[in-house]
K.L.:
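The structure follows.
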Amino acid sequence: MVRQKSNINIALSLSGGGYRAAAFHLGVLSYLNKVHLLEHVTILSTVSGGTLTGLSYAHSLVEKKSFEEFYQKFFKFLKEVNLIKLTLNNIGSTAVTKLGYKNAITTIADIYNKELFERKLFGQFWENTEIHVKDLIVNSTEFRTGVDFRFQKSSRTKAKIGNGNVEISVEDAKKIRLADIAAASSCFPGGFEPLAFPQDFQWPNNEIPPELLRKFPNPLPLMDGGIYDNQGIEAAVLAMKGKLKEIKMFIISDTDRKSSDLYPYPSDKKHSTISLSTMYIIGFCLFLLSATSFIVLIISWVTQYYDGGGWLSGFIRFGFPAIVLGTLASSMYWLREKVKDELFSRIPSVKITPWEEIKKLTIDQLLDMVELRATSVLALTSSVFMKRIRGLIYGIVFGDSQYKRKRISNLIYELNGHKPTRDSWLQPSLKIQEVTTIASNISTSVWFEKSSDQNTLIACGQYTICYNVLDFIIRLYGNNSNKYPSWAKKLFVQAKNDWDKFQQDPYVYVTFP
């Protein structure tokens, strides 16, 4: 253990990845706490799911809660708070936001506010500066200039809240709810809408600070920090500027899933032979039939009425069916015009009529074309671009020799048995390999499909960081523990003892380490 060594400062970044990341990072924090490394974390950079864990932990420090209190509360939040159900129950209700009603992400922010952050504001980190985290950076992405937007309380006087293009003052930042910061960091594209800053944020007395209204007459769209840097590495590197010599470890806790096939091509299907032109003819005939029936029914209704028939019986026999058929006919006509205006008008002019060319396609061929475009764009944005960005961001650290003896990559999938180890005793057991494979394949979402997923991810975070602490010490000082510095020797003995327990039971410390 390293409790007596006060100058072993640690920088820690917690990646995005939904609840998968939140639970894995909870495991990482719990093990770092067990071996008394967590109290040496002076720089904490978080993204998306990692923000839920990291910001919650930092908040617990300010509130002077014990780690066990934080662990149990956050564990319970992940287990019991159904974000999807609560969101659907409240979405659409009136709210003081840009849209005037609660959408998915503003609803999520209110849930965070109640369940995680006790309605506290960012200013609490300026009120209590005695916590060990001196640089707290929560990363989001702003869509005006397309770069990282950082909500941060920093020990550096030149650190900006925002970025080099868009900046907000400390006084205004102090008024922001922790819940809104967490929401801005975790609203991933496709799942949530952009969070409009400052209009979608909840301010004291529902009054947006005048300086922000002046600076942002048009809202600043904020989204998931993982779009720009899913590992939070760049922000941590900036925080280390000028004091890298003080940093003993830079731990990058990363739940990115390793995939050998970023875009599995859709399987072959049987295709129908019904063409778009055939469907158009069928639809046109249905339209004519509906419109004609509507006219006939209206005439019959009026005729019956003037012949002395009852109004109500006429409505039931003729009026209501006429309304249904009239609605169907008008809807079909509206849809046709909408397709012409919205779809065909967007097709580049090539001196041909688009419909004449595409009407030869069958329905299945058209659906295949749409599916291939949609899935390839999704793979491009969520996998290919993310992998490329991840590689570039990691290059900042792995391409700089200054970090060679400091960096620890704590990857969710690395103990699946495919990675060679420095010593045979470090080879993960089959039990660890099995849990790792399960953990790394859990999807990125805001709920757990199986109740066991949470424990699996926490366990994976615990034994993976234990392994990497051991590997780090061996990499720095070799295999002879008798020659280790006293802090490293104590830490090595503790971690090795825990590793032996993990080998037998990967879940040994999940309840509470």
K.L.:
With sequence neighbours left out, write down each residue that passes ring-ring contact (aromatic ring centres under 6.0 Å, His included) with Tyr19, or none if nothing qualifies.
P.N.:
Phe448
K.L.:
Any side-chain donor-acceptor pair under 3.5 Å between Gln462 and Ser30?
P.N.:
yes
K.L.:
Between Phe122 and Val138, does the side-chain contact (heavy atoms from CB on, under 4.5 Å) criterion hold? Intermediate values first, please.
P.N.:
CA-CA 11 Å; Phe122 199 30; Val138 178; 5.7 Å; no
K.L.:
Testing Leu136, Leu178, Ile137, Ile176 for side chain to side chain contact (heavy atoms under 4.5 Å, CB included) with Phe151, which one passes?
P.N.:
Ile176
K.L.:
Give, for atom CZ of Phe201 and atom CD of Gln199, the distance between the pair rounded to the nearest 0.5 Å.
P.N.:
10.0 Å
K.L.:
Would you find a donor on one side and an acceptor on the other, under 3.5 Å apart, between the side chain of Asp224 and the backbone of Gly226?
P.N.:
yes
K.L.:
Would you check, one step at a time, whether the test side-chain contact (heavy atoms from CB on, under 4.5 Å) holds for Phe320 with Leu297?
P.N.:
CA-CA 9 Å; Phe320 182 72; Leu297 286 167; over 6 Å; no
K.L.:
Strictly distance-based, threshold 3.5 Å: is any side-chain N or O of Trp126 a donor or acceptor partner for the main-chain N or O of Val170?
P.N.:
no
K.L.:
Between the main-chain N or O of Tyr228 and the side-chain N or O of Asp148, is there a donor-acceptor pair closer than 3.5 Å?
P.N.:
no
K.L.:
Where do Ser293 and Leu325 come nearest, in terms of heavy atoms and distance?
P.N.:
CB-CD1, 3.5 Å
K.L.:
For Thr255, does its backbone N or O pair with a side-chain atom of Arg20 as donor and acceptor, under 3.5 Å?
P.N.:
yes
K.L.:
Would a 4.5 Å heavy-atom cut-off, applied to side chains only, mark Tyr394 and Ser409 as touching?
P.N.:
yes
K.L.:
At their closest point, which heavy atom of Ala23 faces which heavy atom of Ile458, and how far apart are they?
P.N.:
O-CG1, 3.4 Å
K.L.:
Using a 4.5 Å cut-off on heavy atoms from C-beta on, say whether the side chain of Asn113 contacts that of Gln202.
P.N.:
no
K.L.:
Using side-chain heavy atoms (C-beta onward) and a distance below 4.5 Å, is Val147 in contact with Val166?
P.N.:
no
K.L.:
Just jot down the ring-ring contact (aromatic ring centres under 6.0 Å, His included) partners of Tyr413, sequence neighbours excluded, or say none.
P.N.:
none
K.L.:
Under the 3.5 angstrom rule, does the side chain of Gln152 hit a backbone N or O of Asp135 as a donor-acceptor pair?
P.N.:
no
K.L.:
May I ask you to check whether over 12 heavy atoms, not counting those of Phe143, lie within 6.0 Å of atom CZ?
P.N.:
yes
K.L.:
Mind checking whether Cys460 and Ile412 have side chains closer than 4.5 Å, heavy atoms only?
P.N.:
yes
K.L.:
Ile111 vs Leu83, test: side-chain contact (heavy atoms from CB on, under 4.5 Å). Steps then yes/no.
P.N.:
CA-CA 8 Å; Ile111 296 170; Leu83 288 178; 3.6 Å; yes
K.L.:
Only counting residues at least two apart or in another chain, list the ones meeting ring-ring contact (aromatic ring centres under 6.0 Å, His included) with Phe216.
P.N.:
Phe197
K.L.:
Walk me through whether Ile465 and Ser253 qualify under side-chain contact (heavy atoms from CB on, under 4.5 Å).
P.N.:
CA-CA 8 Å; Ile465 191 60; Ser253 188; over 6 Å; no
K.L.:
Under 3.5 Å, sequence neighbours excluded: what are the donor-acceptor pairs made by side chains of residues 181-192?
P.N.:
residue, atom, partner, partner atom, Å
Ser185, OG, Ser48, N, 2.8
Ser185, OG, Thr51, OG1, 2.8
Ser185, OG, Asn139, O, 2.7
Ser186, OG, Ala182, O, 2.7

K.L.:
How about NZ on Lys73, more than 12 heavy atoms from neighbouring residues, nucleotides or ligands closer than 6.0 Å, or not?
P.N.:
yes
K.L.:
Could you pull out the closest heavy-atom pair between Ile161 and Ser169, with the gap in Å?
P.N.:
CD1-O, 4.4 Å
K.L.:
Does anything in residues 47-68 form a salt bridge (Lys or Arg N to Asp or Glu O under 4.0 Å)? List the pairs, not counting sequence neighbours.
P.N.:
Glu63-Lys120, Lys65-Glu118
K.L.:
Please report the interatomic distance CG(Leu415) to OG1(Thr464), rounded to the nearest 0.5 Å.
P.N.:
4.5 Å
K.L.:
Is the backbone of Leu14 close enough, under 3.5 Å, to the side chain of Thr46 for a donor and an acceptor to pair up by distance?
P.N.:
no
K.L.:
Using 0.5 Å steps for rounding, measure from the CE atom of Met332 to the CZ atom of Phe284.
P.N.:
10.0 Å
K.L.:
Is the backbone of Ala22 close enough, under 3.5 Å, to the side chain of Thr53 for a donor and an acceptor to pair up by distance?
P.N.:
yes
K.L.:
Can you find a pair of side-chain heavy atoms, one from His418 and one from Thr437, that are under 4.5 Å apart?
P.N.:
no
K.L.:
Just wondering, do Ser330 and Tyr333 contact through their side chains at under 4.5 Å, heavy atoms?
P.N.:
no
K.L.:
To check you understand the geometry: which heavy-atom pair defines the closest contact between Leu61 and Asn128, and what is its length?
P.N.:
O-ND2, 4.5 Å
K.L.:
Quick test of your reading of the model: are Lys175 and Asp180 salt-bridged, counting only N-O distances below 4.0 Å?
P.N.:
no
K.L.:
Answer yes or no: is there a side-chain heavy-atom contact under 4.5 Å between Asp200 and Leu222?
P.N.:
no
K.L.:
Going by atom types only, do Tyr507 and Thr456 share a side-chain donor-acceptor pair under 3.5 Å?
P.N.:
yes
K.L.:
Working to the nearest 0.5 Å, report the span between CZ of Phe125 and OG of Ser154.
P.N.:
13.5 Å
K.L.:
Grab the two heavy atoms, one from Val47 and one from Gln231, that are nearest each other, plus how far apart they are.
P.N.:
CG2-C, 4.1 Å
K.L.:
Could I get the full list of side-chain hydrogen bond (donor to acceptor under 3.5 Å, both in side chains) partners for Glu414, not counting sequence neighbours?
P.N.:
Lys419, Asn468
K.L.:
Indicate yes or no: at least one non-hydrogen side-chain atom of Ile299 is less than 4.5 angstrom from one of Ile295.
P.N.:
yes
K.L.:
With distance as the sole test, does Ser45 use its side chain to make a donor-acceptor pair with the main-chain N or O of Gly232 at under 3.5 Å?
P.N.:
yes
K.L.:
Just by modelled atom types, is the Arg150 backbone N or O under 3.5 Å from a matching donor or acceptor in the Lys160 side chain?
P.N.:
no
K.L.:
Roughly how far, to the nearest 0.5 Å, is CD of Gln433 from CG of Asn416?
P.N.:
7.5 Å
K.L.:
Specify the closest pair of heavy atoms between Gly461 and Asn410, including all atoms of both residues, with the distance to one decimal.
P.N.:
O-ND2, 4.5 Å
K.L.:
Give, for atom CG of Leu52 and atom CZ of Phe77, the distance between the pair rounded to the nearest 0.5 Å.
P.N.:
6.0 Å
K.L.:
Hey, does the side chain of Glu193 reach the backbone of Ile105 with a donor-acceptor pair shorter than 3.5 angstrom?
P.N.:
yes
